[in-house]
Structures are given as structure tokens and as C-alpha cells.
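The block underneath contains the structure these notes are about, expressed in C-alpha cells.
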2 protein chains.
Amino acid sequence: MKAEIIAIGTEILLGEIIDTNSAHIAQSLPELGIDLNYKSVVGDNMGRIVETLQRAWDRSDLIVITGGLGPTEDDMTREGIARLLGEEPFVVPELEDRLHGFFTRRGYAMPPSNIKQAWLIPSARALENPRGTAPGWWVERDGRVIICMPGVPNEMERMWANEARPELVRRSDGQVLVTRTLKTLGIGEGTVDEMAKPVYGMPGIGVGTYARADGVHLRIGAKGATREEAWTRILPVEEELERIFGPAIWGKDDDTLEGYVHGLFIARRATLASMESCTGGLFASVITDVPGTSSVYRGGLVTYSTEMKIEYGVDSDVIREFGVISPETAGAMARAARARLGSDFGLGITGVAGPDPQDGVDPGTVHIAVADPDDRTHHLSMTMNQGRQAVKRRAVTQAMLLLRRTLVEAGG
Amino acid sequence: MKAEIIAIGTEILLGEIIDTNSAHIAQSLPELGIDLNYKSVVGDNMGRIVETLQRAWDRSDLIVITGGLGPTEDDMTREGIARLLGEEPFVVPELEDRLHGFFTRRGYAMPPSNIKQAWLIPSARALENPRGTAPGWWVERDGRVIICMPGVPNEMERMWANEARPELVRRSDGQVLVTRTLKTLGIGEGTVDEMAKPVYGMPGIGVGTYARADGVHLRIGAKGATREEAWTRILPVEEELERIFGPAIWGKDDDTLEGYVHGLFIARRATLASMESCTGGLFASVITDVPGTSSVYRGGLVTYSTEMKIEYGVDSDVIREFGVISPETAGAMARAARARLGSDFGLGITGVAGPDPQDGVDPGTVHIAVADPDDRTHHLSMTMNQGRQAVKRRAVTQAMLLLRRTLVEAGG
């Protein structure tokens, strides 16, 4: 089955929004045995929308469209599909009721323009959108399928997962591609590539390496008539790679670094608390993205000022002697967090997010420390100057790595 | 001048890499008076690359290509352009020398496959790439231009800024497009669209509405022979929209909600502290994304557990009487943050990020409170169940709105 993805919207075309929907959809097509050949973006222009749809209709079996389902005159995806197929849109009473319900629950009347969101055409059926007003369309004619979803990522992702993808799974035939990703830490991509060479030759599988923020990923892909058949090709390769890389592999597939670190704490029945300066609470926010962290994460202090660091237990002598941006102060913050919040481990992060230097220290300099149950501190420092938010994100990743190293060394 | 952008690479097509290059290029085209009509992505497949280039060549004056300039067999952009134009690639000695130099400086010999990166075709000249081995191509024939750059973002961005864009500026003639974005809060997109109708007709301008996390944006676009001329078209529309929407407009263009709130605090010489539960430090992280927040933001407490809330000054009677997830507890947290951190205003956020209910409260329920300098609390509650991270982000946006409302009411 040949597929292409079309994102519709001038804001995406002009780069005011980065299109993450297309990547989200693309990633789940291979395991459905669907070959993706093209992705394109077209602005809110009827002529160009129809032209793009026409070409896709001529060359692909499946067209997945995101965007252009809003209530305004700029939203022309429905009109475009109707024109492509020469069909007339009509209002569906049940959809209209649902739409009115959506607005009344929010306590205001539905603007007339929203009625478009209750439209269908003869070849289309509605895809539910519990997260927004615009239902999707599943269009089927002449052996071709058009799936049309809202551009708002969380609405699209839900609709794709619950409505569109399952239907495609039911229809998927022939070769199914299954992939397994192994995530490694602490080894460069070149070396990972060399180490993985033994499995590159193995029949019926493909292996690739990808450098990512959370380390180097190894992706194993295999095709089969069924998922089971594909898996029988993958498993021996996975075992061989686990043998080669051992503990350097920290996770698989959708595992996140924060989820992995959270798991290490659970396994040790250990708790964590943090004191952050330059990352301004980003560490706390990322670790609490993991459901159920309350059993592990006692809490955090965002001590943006030096006074507040001292107020919350950082030894003022340390700050005076080594400076507020120093490994020693990071260590003192880690111990203070541990002491103040009564946790087994404490994390301290101090540095300069930028854009300007601070206390004569260059932006992008960050010192991270972990205090262990014996109140010994473990340190890591980094320098990178790629903008305030990038520095914060990188520092949090490095903090996760330091926590991992400390917990693994602490024996597990 | 009609343009389109093509990104080449299977990793981008399959969504393993998010294509940020196209957005980067697209954003700088309008002020060159260049209309961008299409963006597309094609994998490393010669047939589809040539097909895509052919269509672009037929319908556009300018084609900007990124990716496929590496040394491997998968990198086929040069070959594709040569085939499109029926020209023969040849090795350019100066480029070959430069290439050898690049490798010798790094202390190893050039792999033979890299020789492709010293190629040109008769219609092409090289664009310098000080950050990598692959020069770009500036191809010009039959009144059309193809600009071809590496896919590595920092190589592409440098080449675009120093080589390609200046040349386009020299050639840019006629119409320049200028845009102004007005950001509104508290009104739905459909209603904003209705309210803005009066200006839709105005000559020489385009107005569009876009729903965003920080409210509904109104974008005004106008063309002119010069930026000044374009601005003379935009200003009356901007004034009219400001008249229609009044205080519902909180910012323009690149203004962020956190930057705006930070500005309100600066204007009042007021300080802020926060105590967060379900948002787990995300508020602190977002407010500290604004450079120089240390003058406004005293710091924050991430009190994930009930004990810690009490430990940091939340009245345990309030929690016992109203429950930990209640407007009253949010208020007590706001007052505690204010008292503990000695700030003028305090923010408290408590709720259930999900995915599971907590203390019988549905996931997505969040209570936010701001304590003002007189220790009076102002409240806002929200319910939305779109996943843990979406709830956290939405809650932080709502907190910014409540801070705005409180500070504006506090008189400004």
C-alpha cells in the first residue's frame, strides 16, 4: 500500500508552526506494512490544495491529511476533498448536536461558522474527536482511502491512535515491518556502529544507528507475513546486541530517560529531592512527567537567588569560597535538598542559562551534583552555548545521566 | 517570485528526524517578497527525487533543497539535479583540495566516496560550507534558480545566512510582505473570526485567525514596494482590531505570555514566588525561560506530597477541610509561597495531572490561586483531560492568565 501525508495550513507552510503531526503518523506506518513515499505541505489556498490532493489521489492508495478542519474561511480541507471527488457536503444532525453540546458545556453559543464541522460527504464517515470540535473524515472511494484529521497535535494523535490506526491495522495485509529500538548511553555513534557490525549481516533484518539527545539508538527492523514472524527475526538480533552492549543499553522503544531513572529509584525503594537554579524547575517538571512519581520524588526547590539557596540550607561558606556557580555549590545544593526534604538522594543544579555571563562565568556552564544516602556527592559539569532553553534541556538530560550513574554504582 | 522548498532524506520522510530547516527557510522568504507555495519531503529514491524536482521546476521560479549532499550512496541530490537538467557532474580541483584539507586537518585520509562533494554541473556554482564537507549548489538556468544546501541544520543555517539569502536580497525586486500578529485571550476562534470580519474587506491586506495555546492570534499581512509602504497598509487595520478587541489583545508578534507577565511584574516593581503540585515545576521553568527573571521571580517550591505542602506552610486544616485538590488549598499554597519566599505575589497550583484520578478527583482538574500583596487570593479552576503533559502545559498557561488578570486589576 502506497501512502503519502499532506499537512494543510499557511502557518505550517510559512514555518510559524513546526509540523510534528506528519512525523507522528509516518513513524507508525511501517509496522502496518504501508510504504510512505511523499510528505507535503500546502497553504490555505483552494487551488493549490485541490492540485496537491489530485496528484496524491493519482499516485497513492492512502492519503493522510492533517489541518484545515477549523471553523474559519481559511479552513478549506473539507471543501478541497469535496471538490476533488465532485461530491456535495451536507450537515449531519448527530454531528451538529454534538457540536452544540460542546459549546453549551462551555457555556456559550456555537458561532454559525462552526457548522462546517458537522459536514460530511457521501464517501466520508466521521472520525470521533473527543478533544475538540472538529471530527475527522474517513473517505473511501475507488479503492483509495483519505484520512483527514485536525492539525492540533493532541487531537490528531488521539484520533490516529483510537480511530484511524486500528482500522488500518484491520486492513493491513502482506508484509508487516516490526522494529525494535535499543537505547545506549556513554558510547559514540561511530563506536556503536563498529560494535554492532556482527549483526549487520544477519538475514532478513536491517539495523541502523541514530545519535539522539538521550544517547545512540540502535534500530532493528524486520519484515514478515505476520508480526509474529517478523519478531522471530528480531529477537535473536536483539539478544546478540544485548550481549554485545550489556549495561550500555538502558532502554527500549518508547522508554524515556526520566522513566528509566524513575524505575531505578522504584527498584531501590529510594526517594529523590532537587534544588535547581539555572534550570529553574525544568528537572522537577521532567521527572514529574512520569506518572506515579510521587512515590519517588519528594519535591523540589527552585532557588533562583543566592539568598534563597542559603535560606534553604546551602552552606554560605561554600558559596563564598567557590562561587555560586561551582561544582562545590552544586554539591552543597544536593546535600541541602536531601536534608531539607528528607530524601535518600539529593540533586543540585547551578549554572548560567544565558544569554549573558554571570559572576564572570560563561553562559552554558552548568554544574550538577547528586548527594547519595551517605551524603557523598557525585559531580558532572557541562558547557554548551546554544541558547537558554537548549542549555536547560541539556542540563536536565545530563542530570538524568548522573543520577543513573550514581544509582547504578550504588549497586543494583 | 514563486518558491517551493524540498527536503530530501528518508529519515525525515519517516519522521525519525523532524525537519526544522524548511521552517527556518520559509520564515525568511516573505520579507524577500518571495511567495512560498509548497513544501515537500521525499525519501532517498532517485525516481521520486527527479519526479519531485521536475514538478517543482515546472511550477516554481525558486527551488530550495536541503539534504542529500552527504558522501554515501543514499545521498542523491546532486545526481537528481544533474538528471533533471540533463547535465554531467565533474570534479572541481579547488573543491577537491578544500575537501582533502578538511580531512587532513582532522588527521585522517578522505574516504573515496566523499569525492562527490567536490562535484559541480555546468549550471551550478558552489556555496561555501565552513561548518562541514559538503558545499552547497546555486543552480541557475532558464530563468529559474535551485539553491541546494546540506541537511545538517547548523551547516544549512550558516550557508543560508551568509551565501544564499544575501544573493536573493540582491535580486529581490517589487513586493515585500510584512506581517503583524495580534495575540488575544479569552475569546474562542470562531468568535474572534466573527469580530474581525469588519477588517477582512480592507484593500491590500490579508487577515487570518489561528488558535494557539496562548489564545487566538490575528495575523495581518500586507504587501508593498517597500516595508514602509506595506506598514502604511497594516497600521490602520491594527488600530481597528485594537479598537474591536481592546484589552483582549495582550501581545504582538514574538511576545510570549511569560514575557508579558514578567513585564507586568517589572512595571509594578513586584516580585513573585510559586508553590506547585501537579505542574511539578513547569511554571517555574517557563517563567525562568525569560532572561533576567531573577529580578522578579524569587523562587519556587515543588511540593509533590501533602506532608511537604504542610511543611512549607500550607494550613493543614484547609487541606483536611477542603481536600488537597481544592481552590482553598491552592489559595493556601499561594499564601504560603508568598510568606515563605517573601514575595509580593504568590502563586499556588494543585490538581490531578493524570492519567489516574486522585482522592476521587478526575484527572485534568486543576485549581490555581494567586495571593496578592494584601494576601487576598484570586482563583481559577480548569478541567481538561488530554494527557498528563498537555494538562501541565495548559495549567501553566492558565496560571499566566490569572497572574495577568490579578496584576491588571491591581491597577496598572
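Given the structure is predicted, the values throughout are model-derived calculations rather than measurements.
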Could you tell me which portion of [X] (side chain, backbone, both or neither) has an atom closer than 4.5 angstrom to a non-hydrogen atom of chain A?
X: B/Thr279; answer: backbone
X: B/Lys197; answer: side chain
X: B/Ile18; answer: side chain
X: B/Ser22; answer: neither
X: B/Glu4; answer: neither
X: B/Arg388; answer: side chain
X: B/Arg393; answer: neither

Less than 4.0 angstrom from a charged side-chain N to a carboxylate O is my criterion; do B/Arg219 and A/Glu11 meet it?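 Salt bridge flag = no for A/Glu11 with B/Arg219.
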Does any backbone or side-chain atom of [X] lie under 4.5 Å from a heavy atom of chain B? Answer side chain, backbone, both or neither.
X: A/Asn37; value: both
X: A/Thr52; value: side chain
X: A/Ile17; value: side chain
X: A/Arg59; value: side chain
X: A/Val396; value: neither
X: A/Pro291; value: both
X: A/Gln358; value: neither
X: A/Arg106; value: neither

Would you give the length of the straight line joining atom [atom1] of [X] to atom [atom2] of [Y], rounded to the nearest 0.5 angstrom?
X: B/Tyr304; Y: A/Ile287; atom1: OH; atom2: CD1; result: 10.0 Å
X: B/Leu29; Y: A/Leu14; atom1: CG; atom2: CG; result: 8.5 Å
X: A/Asn154; Y: B/Arg394; atom1: CG; atom2: CZ; result: 10.0 Å
X: A/Asn114; Y: B/Glu194; atom1: CG; atom2: CD; result: 9.0 Å
X: B/Tyr297; Y: A/Ser305; atom1: OH; atom2: OG; result: 10.5 Å

Answer yes or no: is there a side-chain heavy-atom contact under 4.5 Å between [X] and [Y]?
X: B/Leu341; Y: A/Tyr312; result: yes
X: B/Arg298; Y: A/Glu307; result: yes
X: A/Leu301; Y: B/Leu301; result: yes

Pairs in or reaching into residues 272-290 of chain A: which pass salt bridge (Lys or Arg N to Asp or Glu O under 4.0 Å), with residues at least two apart or in two chains?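 Found A/Asp289-B/Lys392.
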Give a yes or no on whether B/Asp254 atom CG has more than 12 heavy-atom contacts from other residues, nucleotides or ligands under 6.0 Å away.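 12 or below, so no.
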So, using salt bridge (charged side-chain N to carboxylate O under 4.0 Å, His left out) as the criterion, who are the partners of B/Lys183 when residues are at least two apart?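 Expected list: none.
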